[in-house]
Amino acid sequence: MPSGAGRAVCGAYEIHPERVERARAALPEEGVVKKATLLLKALSDPTRMRLLLALRGAGELCVCDLALLAGVSVSAVSHQLRLLRQARLVAFRREGKQVYYRLADRHVEALLEGALAHAEENT
């Protein structure tokens, strides 16, 4: 295979000012980028993803239910849920001594659906 074959690199160094400006104008504020990064980091762990998918399927679950489904300790689930709360991916409500978790909103469900659909693509 020739040198550089199969790599996606520019053959010639050339700036496209109108494209660069369009891309720059489309970039969100830095604070939004940081929040989006936190969100994606929270989604990058298999245990956290399982917890979110379980909540997507059930609607609402307590920590004990989530621990059983994820196959990890209640303590580990609590830690993961704290990270998911910080990323605003889950919400909770108290009922006596029980705490029930759910997906924070429809955007989270859409993120999960998009991630799964992309992962299942063959191309």
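The residues of the chain are indexed from 1 along the displayed sequence. These values consider heavy atoms only, across backbone and side chains, with no hydrogens, waters or symmetry-generated copies.
Residues H107 and L112 have side chains not in contact (no heavy-atom distance under 4.5 Å, counting atoms from C-beta outward).
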Q: Mind running side-chain contact (heavy atoms from CB on, under 4.5 Å) on L89 and L83 for me, showing each step along the way?
A: CA-CA 9 Å; L89 292 168; L83 296 172; over 6 Å; no

Q | Evaluation steps, side-chain contact (heavy atoms from CB on, under 4.5 Å), between R56 and L116 | A | CA-CA 12 Å; R56 178 180 145 235; L116 291 174; 3.3 Å; yes

Q: For L39 and L111, run side-chain contact (heavy atoms from CB on, under 4.5 Å): C-alpha distance rounded to whole Å, both residues' side-chain angles, the deciding distance at 0.1 Å, then the answer.
A: CA-CA 10 Å; L39 181 146; L111 275 170; 3.5 Å; yes

Q.
What verdict does the side-chain contact (heavy atoms from CB on, under 4.5 Å) test give for L38 and R88, after you've listed the backbone C-alpha separation in whole Å, the side-chain angles of each residue and the deciding distance to 0.1 Å?
A. CA-CA 9 Å; L38 174 66; R88 298 179 7 208; over 6 Å; no

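Remark: L69 pairs with A54, L61 by the side-chain contact (heavy atoms from CB on, under 4.5 Å) rule, at least two apart or across chains. Scanning for side-chain contact (heavy atoms from CB on, under 4.5 Å) contacts around E18 gives H16, with sequence neighbours left out.
When the side chains of ILVMFWY residues are joined at heavy-atom separations under 4.5 Å, either directly or via intervening members, L55 and V99 end up in a single hydrophobic cluster. Hydrophobic clustering (side-chain heavy atoms under 4.5 Å, transitive across Ile, Leu, Val, Met, Phe, Trp, Tyr) groups F92 together with L53. Using a 4.5 Å cut-off between side-chain heavy atoms of Ile, Leu, Val, Met, Phe, Trp and Tyr, with links allowed through other members, M49 and L40 fall into the same hydrophobic cluster. Cluster membership check: L51 shares its hydrophobic cluster with V74, using side-chain heavy-atom separations under 4.5 Å among Ile, Leu, Val, Met, Phe, Trp and Tyr.
Shown here for A67 and V77, the closest heavy-atom pair between the two residues is CA-CG2, 3.4 Å. Shown here for G59 and R102, the closest heavy-atom pair between the two residues is O-CB, 3.2 Å. The heavy-atom pair separating V33 from P28 by the smallest distance is CG2-CG, 3.8 Å. Across all non-hydrogen atoms, the minimal contact from V90 to L81 is CG2-O, 4.1 Å. Across every non-hydrogen atom of Q80 and T47, the tightest pair is CG-CG2, 4.2 Å. For the pair A87 and A42, the tightest heavy-atom approach, listed with the atom from each and the gap, is CB-CB, 3.7 Å.
Here salt bridge (charged side-chain N to carboxylate O under 4.0 Å, His left out) pairs that include residues 64-86, with residues two or more places apart or in two chains, number zero.
A donor-acceptor contact shorter than 3.5 Å is absent between the side chain of R48 and the backbone of L43. The backbone N or O of P46 sits less than 3.5 Å from a side-chain atom of R50, completing a donor-acceptor pair.
We find that E95 and R93 are joined by a salt bridge, their nearest charged nitrogen and carboxylate oxygen being less than 4.0 Å apart. Ion pair E113/R106 flagged as a salt bridge, since at least one NZ, NE, NH1 or NH2 atom sits closer than 4.0 Å to an Asp/Glu carboxylate oxygen.
Put simply, NZ on K35 and CD on E29 are 9.5 Å apart, with the number rounded to the nearest 0.5 Å.
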